[in-house]
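Worth knowing before you read on, the calculation uses all heavy atoms, side chains too, and leaves out hydrogens, waters and symmetry mates. Numbered from 1 within each chain, the chains take letters A, B, ... in sequence-line order.
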Number of protein chains: 2
Amino acid sequence: MNPVELIRKKRDGKTLTKEEIEFFVSKFTLGRIPNYQFSAFLMAGFLNGFDKNETAWLTEAMLYSGKVIDLSSIKGSKVDKHSTGGVGDKTSLILAPIAAAAGVNVPMISGRGLGHTGGTLDKLESIPGFKTNVTLKQYKSIIKKCGAVLAGQTKEVAPADKLIYALRDVTATVESIPLITGSIMSKKLAEGIDGLVLDVKTGSGAFMKKLTDAQSLAKSLTQTAKSFNKKVISYITDMNQPLGNNIGNWLEVLECLDVMKGKQVNDLVELSLQLSGAMIFLGGKAKSVQEGIDLSKKMIESGKAFDKFIEIAKLQGADITYLKQPEKYPQSKIHEKVYTEKTGFISTINSFEIGMASLELGAGRMTIEDKIDPKAGIILHKKIGDQLKKGDLIAELFTNKKESIEAVKNKIVKALSFSNSKIEAPQLIKSTIT
Amino acid sequence: MNPVELIRKKRDGKTLTKEEIEFFVSKFTLGRIPNYQFSAFLMAGFLNGFDKNETAWLTEAMLYSGKVIDLSSIKGSKVDKHSTGGVGDKTSLILAPIAAAAGVNVPMISGRGLGHTGGTLDKLESIPGFKTNVTLKQYKSIIKKCGAVLAGQTKEVAPADKLIYALRDVTATVESIPLITGSIMSKKLAEGIDGLVLDVKTGSGAFMKKLTDAQSLAKSLTQTAKSFNKKVISYITDMNQPLGNNIGNWLEVLECLDVMKGKQVNDLVELSLQLSGAMIFLGGKAKSVQEGIDLSKKMIESGKAFDKFIEIAKLQGADITYLKQPEKYPQSKIHEKVYTEKTGFISTINSFEIGMASLELGAGRMTIEDKIDPKAGIILHKKIGDQLKKGDLIAELFTNKKESIEAVKNKIVKALSFSNSKIEAPQLIKSTIT
């Protein structure tokens with residue numbers, strides 16, 4: 001096979017064969033197809049698309065560029081969740097212990113913060129001692145012991161994805177549904193799962209701003225999961241406002257601890273229960289998603305979810321003192337409050353800007369070398385539909401970066417728009433694809 | 001400006017500004033934009049197109065990546081011809097001396113053989129001593145002395161084109177009309193011309209097999225020439241059969257000498273006169289193309305065209321003995337004849353295959369390192385519409401490569417198809433665009 005011929009084929013809108021896609025991805029991963037040919041191929045694919053089969057073959061080629069973890073020695077179903085990412089999206093920390101407590105194995109490989117969104121690994125690592133960088137042996141042994149593991153991607157998993165993603169990032173070929181599908185699914189399928197719950201976010205704080213794009217992605221991810229014989233349920237969920245109230249790594253851990261201790265944190269609880277309910281259903285521990293939700297509630301009420309989180313954290317090296325007595329955690333130097341100067345009902349929240357504001361306080365990375373301040377972030381006290389009058393508290397800021405306070409305050413004030421008439425909160429779960 | 005933003009803009013089908021195109025081309029030429037970004041840009045442009053203005057800006061950016069030759073010190077008009085290439089296309093060697101003899105300066109920069117087509121430089125270099133690799137100073141001084149120069153591209157001319165072409169070749173982005181336009185016109189405009197005659201070929205031996213593609217290219221080239229205030233006439237001409245009878249470097253020189261000595265070689269004479277007529281008209285030495293054609297005929301009849309060719313060749317270092325007494329030229333070791341086994345009228349000739357056959361005999365390069373055999377090639381005695389009976393001579397082959405004879409004979413026989421009913425020869429000049 002000749003790379004130029006394959007580029008030409010995709011350029012001319014033709015469908016590639018499984019062998020052709022396998023050739024292109026594997027040779028690129030081995031460094032035998034140069035970047036400039038692969039980037040021309042990516043752009044041709046971006047513009048002409050890949051069909052359902054090509055997307056599955058792309059995923060397969062990326063998946064088998066590395067190791068597929070074998071969890072057959074572990075009894076019971078293995079189910080994970082993947083979210084396309086948003087602001088304040090911390091459900092992983094809640095649903096993994098819930099599902100594990102309900103008897104479903106959760107082998108979860110997560111990522112770091114990307115752009116305006118936080119990352120599960122960064123959140124976990126705000127817990128002193130928590131190690132996300134585990135070996136394959138540790139990965140298996142932790143699941144065996146407690147039914148869940150919350151780990152980072154090892155270099156053995158889908159190396160093609162790392163190379164392809166780096167190239168997409170600098171060649172304007174990121175926002176392609178088949179390429180996003182390959183990237184997500186190659187990593188998830190490598191985990192050794194039987195089932196997968198997908199949370200595809202849409203709105204101002206999501207990567208897919210438009211509902212139709214989120215629907216297309218959810219459909220593509222679902223089809224691809226099925227083509228690998230995985231059980232799958234996908235939800236399209238709202239990201240027009242941050243999920244829950246806390247944004248920033250340790251602040252989000254705190255909010256998750258509250259939820260696991262039974263605190264009713266509006267949309268965060270609703271979404272976490274929906275997702276864990278679906279995981280428990282896919283894992284065969286409930287007869288329906290609703291039954292899974294009911295079981296999830298019991299896991300919280302009984303304290304089993306909280307205890308499971310402590311157990312996982314301990315096995316992954318965390319100093320659980322801080323989880324049991326969060327007040328011992330170090331404090332930010334600066335704790336600032338933001339008040340509204342406007343009166344009315346909050347009609348929209350630019351969640352991208354809220355995410356960026358949190359990043360500027362130190363909760364995320366501006367450059368790859370930046371060190372995250374685990375304490376930094378925002379507690380956003382108000383959500384869409386809330387009624388405010390001038391002088392009401394909107395948010396609290398936590399940071400060590402004095403110089404960023406004024407700009408961040410401004411950003412948050414500007415991110416909110418108001419209406420004089422009553423506004424309904426957006427529907428959290430917009431649709432389900434199975 | 002950010003390369004990723006510019007790639008994204010073209011990817012999304014938007015129109016780039018002059019400054020953006022200039023930035024992208026100039027930074028790439030300086031090595032400050034990597035190949036993988038430029039190739040993604042090329043593919044986005046290939047698929048989404050460049051409009052008339054963008055094509056002109058692309059051409060301009062490529063043109064000013066190098067030196068634009070200043071011929072203002074030379075009196076009179078400077079007019080060149082460019083052909084998109086075909087099999088047996090040797091008109092340059094005829095029309096340059098005709099136009100120069102008629103008083104028009106012809107500053108001609110040509111290329112080498114590409115794929116199945118021959119190149120003017122390779123043909124000229126089959127004349128012992130003929131130097132096409134001249135300095136800028138020599139380029140000017142030769143035109144000053146005899147009114148024409150037949151040179152190769154110097155490294156000062158449009159370096160962006162060389163880099164971009166090399167990348168297009170390996171990323172399946174060659175067949176794009178705006179990119180072809182930029183490549184051709186940046187080199188032609190650098191010659192220091194006032195006017196340009198374009199010969200856009202279509203048919204089995206051309207790069208543009210389809211008439212509609214040739215029309216689009218002719219239109220794009222014509223528009224771009226005009227946007228640089230150049231006088232221009234474009235012809236779309238037939239390449240469904242080799243032009244003239246001879247294919248191969250020295251064989252083509254021989255045929256040109258015959259034409260300049262007044263021999264009526266069917267389509268080759270007709271096309272050469274049309275093109276030189278247009279050049280003489282654009283150069284202001286005739287009131288119409290027809291008057292230019294009449295003047296061209298006089299240049300042949302009077303022997304002035306032949307003498308001019310000898311003069312140019314002498315100034316470019318050629319041993320003119322071989323031009324005056326071609327029988328002194330070395331002979332190929334093998335001289336083989338090909339006869340038809342079929343009877344009927346020739347209905348089509350696969351000229352691509354004829355071009356490849358000539359190449360296999362040694363007339364062209366299979367790889368960049370190959371050395372051309374100047375004597376090798378084909379005399380094709382029959383053309384479309386000719387009536388043959390079994391056993392008639394179709395072609396003569398000249399080569400030193402004994403091992404290729406059988407395959408080439410086969411190729412030639414297969415390249416011809418026959419009809420029982422009378423067939424018209426294809427129309428040579430299909431349309432004119434001004």
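In this structure, chain A has no heavy atom under 4.5 Å from any part of B/Asn2. Proximity to chain B (any heavy atom under 4.5 Å) is restricted, for A/Phe46, to the side chain, taken from C-beta onward. Proximity to chain B (any heavy atom under 4.5 Å) is shown, for A/Leu6, by neither the backbone nor the side chain.
A donor-acceptor contact closer than 3.5 angstrom is absent between the side chains of B/Thr224 and B/Thr55.
Evaluation of the ring-ring contact (aromatic ring centres under 6.0 Å, His included) test over residues 161-182 of chain B, restricted to residues two or more places apart or in two chains, returns none. Evaluation of the salt bridge (Lys or Arg N to Asp or Glu O under 4.0 Å) test over residues 33-50 of chain B, restricted to residues two or more places apart or in two chains, returns none.
Heavy-atom neighbours of B/Lys430 NZ from other residues, nucleotides or ligands within 6.0 Å: above the threshold of 12.
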Inset, instruction - Kindly indicate, with the supporting measurements, whether the criterion salt bridge (Lys or Arg N to Asp or Glu O under 4.0 Å) is fulfilled by A/Lys201 and A/Asp238. - result: CA-CA 6 Å; A/Lys201 299 204 169 288; A/Asp238 185 68; over 6 Å; no
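The closest donor-acceptor contact from the side chain of B/Ser204 to the backbone of B/Ser351 lies under 3.5 Å.
Among residues 7-18 of chain B, the residues having any heavy atom closer than 4.5 Å to a heavy atom of chain A are, in sequence order, B/Ile7, B/Arg8, B/Arg11.
For B/Lys162, there are no salt bridge (Lys or Arg N to Asp or Glu O under 4.0 Å) partners two or more places apart in sequence or in a different chain.
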